[in-house]
Amino acid sequence: MDASYASSTVGRVSENRDPRPRRRRPLRAAVGLLVLLAVIGYFAVQRASNGGGAPYCTARVYSGNYDGTSESYELSPEQAANAATIAAVGVAKGLPDRAVTIALATAMQESALRNLDHGDRDSLGLFQQRPSMGWGTPEQIRDPVYSAGIFYDRLVDVPGYSRLPLTVAAQKVQRSGFPQAYAKHEPDATVLTAAFGGDGILECGGPEPTGPGDPEKVRSEMIRIFGKDGLHTIPPQTGQAGQAGRNSAGGKGGPEVEVTLTEKANGGEAAMRRSRAMAHWAVANAKELGISRVSYGLRAWIAGQARGQWQHKGGTGPKDGDGDPHNANPGEVRIFMAR
């Protein structure tokens, strides 16, 4: 074969083949982008739909009368449950919001609000407390109620902790090697503090429970966190006949089981703060404890409905109508579980 012919042939073949990959690459990129957008759209629709998608929680601080959101922070159900317990323990101890914010920011840095079974050296739990440093036994430290309680106990021993910068107050308790790291969590911890015991709110979306809840466990945990002082509890009871309930498969069925917790009348703002913390603790722990509905004041939260948002009462069953005598006490928290 003539060399010049071979060379020209190779050139022609190359010319014929080169454009094809260039034509296909944009097409493949476009198809990939469409697939990615479709996946994102699917999960967005699932999350926005009532009861669809994976569970998630959002802490919000509203401006005005729930007509606008100024700040928000998203958590997994696990993180929300742990954050709710940390906040509830602080509220139950009668500590100010500043103490709760310091505790939450510390746990956000130390464990990302997860109850870890490992850490640096022998560090464990939400606050990465060390048994060897006198924080308690491993079992105690991995109990969120205990670990939050001992953190607060040591925090209040710090003179003027509420007036100190958050990093300084947290460091005096934790003795961390990176004390400035706590600072970045302060804005989000402030939102969480407001959601659990202040003017904010916690919303948790996702499907309703698929199995029955344990009312005795809910009642005992609430008493363990908040104590019996000033708290009136009604033992678990079955809802009234005819009430819209949910069965163990998540559908409409038999009556729900109810646990009612009521602060003493005329308890003031402190009692109302405790009630708000109780209600949002129940919402945060709904997935884990099989809670299907929470009623507090004039609002109700229903698992698997309204994208996890709190709703004005009216459509949550005969006992929750505007004429509900329970509404006479705004400090009452009613927790319902499917059977």
Side-chain angles (χ1 to χ4, degrees), residues 55 57 77-78 80-93 115 125-126 139-140 142-149 196 202 204 206-264 271 274-297 300-304 316-320 324 326 329 331-339:
C57 295
E78 176 193 5
N82 289 325
T85 296
I86 292 171
V89 171
V91 170
K93 286 178 172 289
N115 192 9
L126 292 171
E139 292 75 18
Q140 288 174 321
R142 294 210 63 220
D143 174 4
V145 177
Y146 172 89
S147 63
F196 290 116
L202 179 78
C204 289
E208 60 184 322
T210 56
D214 185 345
E216 285 291 354
K217 182 175 181 179
V218 171
R219 181 170 178 264
S220 63
E221 279 296 293
M222 296 289 274
I223 293 175
R224 191 165 78 98
I225 294 172
F226 293 96
K228 293 184 177 180
D229 185 30
L231 185 66
H232 172 63
T233 65
I234 299 176
Q237 55 186 313
T238 301
Q240 291 180 346
Q243 180 182 359
R246 291 167 176 80
N247 60 28
S248 60
K252 299 294 181 182
E256 296 162 308
V257 177
E258 174 185 351
V259 178
T260 300
L261 306 101
T262 307
E263 292 283 357
K264 288 182 179 178
R274 281 164 52 94
S275 292
R276 285 194 294 268
M278 290 177 198
H280 288 103
W281 179 90
V283 170
N285 284 274
K287 179 178 180 292
E288 179 69 22
L289 297 177
I291 294 171
S292 61
R293 185 160 57 103
V294 180
S295 172
Y296 167 64
W301 175 88
I302 308 173
T316 57
K319 294 178 70 177
D320 288 320
D324 183 358
H326 288 279
N329 185 349
E332 182 176 75
V333 178
R334 303 174 68 198
I335 302 170
F336 299 84
M337 282 143 290
R339 299 191 69 180

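For the single chain, residues carry numbers from 1 onward in sequence order.
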Of all heavy-atom pairs linking Ser147 and Pro144, the shortest is OG-O, 3.2 Å

Of all heavy-atom pairs linking Cys57 and Pro77, the shortest is SG-CA, 4.2 Å

Sub-4.5 Å side-chain heavy-atom contact between Ile335 and Met222
yes

For Glu78, the side chain to side chain donor-acceptor pair (under 3.5 Å) test, sequence neighbours excluded, returns none

### Message
Closer than 3.5 angstrom, by distance alone: can the side chain of Trp301 be matched with the main-chain N or O of Cys204 as a donor-acceptor pair?
### Response
yes

Residue set satisfying side chain to side chain contact (heavy atoms under 4.5 Å, CB included) with Ala87, at least two apart, ordered chain then number -> Val100, Phe196

On a heavy-atom basis, the closest approach of Pro55 and Pro207 is CG-CD, 4.3 Å

Sorted by chain and residue number, the side chain to side chain contact (heavy atoms under 4.5 Å, CB included) partners of Ala277 (sequence neighbours excluded) come out as Val91, Phe226

Side chain to side chain donor-acceptor pair (under 3.5 Å) filter on Lys93, not counting sequence neighbours, yields Asp153

So CG of Asp214 and CZ of Arg219: to nearest 0.5 Å the spacing works out to 12.0 Å

CD1 (Ile302) and CZ (Phe336) are apart, to the nearest 0.5 Å, by 10.0 Å

CG of Leu261 to CZ of Arg334, rounded to nearest 0.5 Å, is 11.5 Å

In this structure, CE of Met337 is separated from NZ of Lys217 (nearest 0.5 Å) by 12.0 Å

So side-chain hydrogen bond (donor to acceptor under 3.5 Å, both in side chains) across residues 275-285, not counting sequence neighbours, yields Thr85-Trp281, Glu269-Arg276

Taken to the nearest 0.5 Å, the spacing of Glu208 CD from Arg293 CZ works out to 12.0 Å

Tightest non-hydrogen contact, residues Val333 and Ala279, listed as CG1-CA, 3.9 Å

Those residues at least two apart in sequence (or on a different chain) that pass side chain to side chain donor-acceptor pair (under 3.5 Å) with Asn115 are none

